[in-house]
Amino acid sequence: MQQKDIEHLIGVIAQGTPKPIILLGAGASVRSGIPATGQFVERAAAWVYARRKQLSFDDVRIMRSDWFPFLESQSWYNSERNPADNYPHVFKNLLTPRELRREFYQLMLNPKVDPSPGYYALKDLIAKKYITTILTTNFDNILYKVLSSDERIHTIDVIKSTSDYAKISTDPRNVQVIHLHGD
């Protein structure tokens, strides 16, 4: 996108009627260093393999040729699918119990990464109140990290579960971030 296109888009958004709703997908976080779904599947397999072999996940000696046969040996794994299509099966069958899943997610979703420039551009649009609703499929905390760094943004309504649905508004006073896949 060229600078003139960006300026035109901001001009349209700045008109304010109706306010746009942003769908924030995995691409934003991938540019910040968070793995995409297929990479999550592969990292989960490597992580579980390393734990079972009592090795460090960061051990450079662990190669794909080590952990991939382990993944393929699982009865529920379908190697003919795209790795991303195995996502629900990997997390249902491989990362159990729940505490193990939580530990893996924390490792993958809270790395010390810098937010991509797109997050800062989004933050500026939110701080100027051009955008107040963000729908997201992401589980990471990069958006919150960026938004909380701006003193112009005071309150963020986070909607992650059915008990939060009452907070959803078609004309929100505060920024609302709606997690489409829950928490």
Side-chain angles (χ1 to χ4, degrees), residues 1 22-124 126 134-150 153 156 158-164 175-183:
M1 195 174 248
I22 299 296
L23 174 60
L24 189 64
S29 293
V30 167
R31 296 254 342 246
S32 298
I34 302 294
T37 307
Q39 292 172 311
F40 253 97
V41 167
E42 293 184 352
R43 288 186 184 186
W47 187 74
V48 170
Y49 172 85
R51 286 180 64 94
R52 290 185 181 178
K53 296 291 184 179
Q54 298 180 336
L55 300 169
S56 169
F57 178 59
D58 298 329
D59 190 326
V60 294
R61 295 173 297 171
I62 300 174
M63 307 298 277
R64 188 173 199 273
S65 59
D66 296 320
W67 59 261
F68 193 70
F70 158 74
L71 182 60
E72 286 185 308
S73 72
Q74 307 301 310
S75 61
W76 45 263
Y77 183 76
N78 184 343
S79 61
E80 294 181 19
R81 287 188 194 134
N82 179 308
D85 294 336
N86 280 294
Y87 179 86
H89 306 290
V90 166
F91 288 91
K92 177 183 173 189
N93 296 290
L94 198 58
L95 290 172
T96 56
R98 185 180 190 132
E99 293 77 29
L100 188 68
R101 185 177 311 126
R102 181 177 294 121
E103 184 180 339
F104 176 75
Y105 267 106
Q106 287 177 341
L107 176 68
M108 290 295 111
L109 297 178
N110 295 313
K112 301 197 181 345
V113 297
D114 292 324
S116 66
Y119 275 106
Y120 289 105
L122 178 59
K123 174 194 62 115
D124 288 338
I126 291 168
I134 299 100
L135 307 175
T136 185
T137 60
N138 296 344
F139 293 105
D140 61 71
N141 65 359
I142 296 174
L143 177 63
Y144 300 108
K145 179 179 176 181
V146 171
L147 294 181
S148 65
S149 71
D150 194 312
I153 302 169
I156 303 168
V158 179
I159 295 101
K160 285 189 172 185
S161 66
T162 54
S163 63
D164 297 327
V175 176
Q176 61 183 356
V177 179
I178 303 169
H179 289 262
L180 299 176
H181 297 307
D183 60 1

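A heavy-atom distance below 4.5 Å is not found between the side chains of Phe57 and Ile62. In this structure the side chain of Ile134 reaches within 4.5 angstrom of the side chain of Ile126, judged on heavy atoms. Contact check for Leu24 versus Thr137: no side-chain heavy atoms found under the 4.5 Å cut-off. The shortest side-chain heavy-atom distance between Ile178 and Thr136 does not fall under the 4.5 Å cut-off. Side-chain contact between Asn138 and Leu143 is absent, with no heavy-atom pair separated by less than 4.5 Å.
Counting only distance, with no hydrogens or angles, the side chain of Asp66 and the backbone of Met63 share a donor-acceptor pair below 3.5 Å. Remark: the backbone N or O of Thr96 is not paired with any side-chain donor or acceptor of Arg101 at under 3.5 angstrom.
A search for side chain to side chain contact (heavy atoms under 4.5 Å, CB included) contacts involving Pro88 returns nothing, not counting sequence neighbours. Tyr144 meets the ring pair (Phe, Tyr, Trp, His ring centres under 6.0 Å) test with His179; sequence neighbours excluded. The salt bridge (charged side-chain N to carboxylate O under 4.0 Å, His left out) test applied to Asp114 returns no partner, not counting sequence neighbours. Remark: Asp164 pairs with Ser161 by the side chain to side chain donor-acceptor pair (under 3.5 Å) rule, at least two apart or across chains. Contacts of Leu23 classified as side chain to side chain contact (heavy atoms under 4.5 Å, CB included), with partners at least two apart in sequence or in another chain: Leu135, Leu180. Checked against ring pair (Phe, Tyr, Trp, His ring centres under 6.0 Å), Tyr120 has no partners two or more places apart in sequence or in another chain. With sequence neighbours excluded, no residue forms a side chain to side chain donor-acceptor pair (under 3.5 Å) with Arg52. Listed by chain and number, the residues in a side chain to side chain donor-acceptor pair (under 3.5 Å) with Asp150 are Lys123, Arg152 (sequence neighbours excluded). For Ala84, the side chain to side chain contact (heavy atoms under 4.5 Å, CB included) partners two or more places apart in sequence, or in a different chain, are Thr37, Asn82. With sequence neighbours excluded, the residues forming a side chain to side chain contact (heavy atoms under 4.5 Å, CB included) with Ser79 are Glu72, Tyr77, listed by chain and number.
For the side chain to side chain contact (heavy atoms under 4.5 Å, CB included) criterion with Phe104, the lone passing option out of Met108, Gln106, Arg102 is Met108. Evaluated for a side chain to side chain contact (heavy atoms under 4.5 Å, CB included) with Pro115, the options Leu122, Ile142, Asp140 yield exactly one hit, Ile142.
Identified under the salt bridge (Lys or Arg N to Asp or Glu O under 4.0 Å) test for residues 76-92, with sequence neighbours left out: none.
Expressed to the nearest 0.5 Å, how far NE2 of His89 lies from CG of Asn78 amounts to 8.0 Å. To the nearest 0.5 Å, the span separating CG on Asn86 from CZ on Phe91 amounts to 11.0 Å.
Across every non-hydrogen atom of Lys160 and Val158, the tightest pair is CG-CG1, 3.7 Å. Between Leu100 and Leu94, the shortest heavy-atom contact is CD2-O, 4.1 Å.
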Side-chain donor-acceptor distances from residues 38-51 under 3.5 Å, at least two apart:
unit_1: Gln39; atom_1: OE1; unit_2: Ala36; atom_2: N; d: 2.8
unit_1: Glu42; atom_1: OE2; unit_2: Arg64; atom_2: NH2; d: 3.4
unit_1: Arg51; atom_1: NH1; unit_2: Glu103; atom_2: OE2; d: 3.0

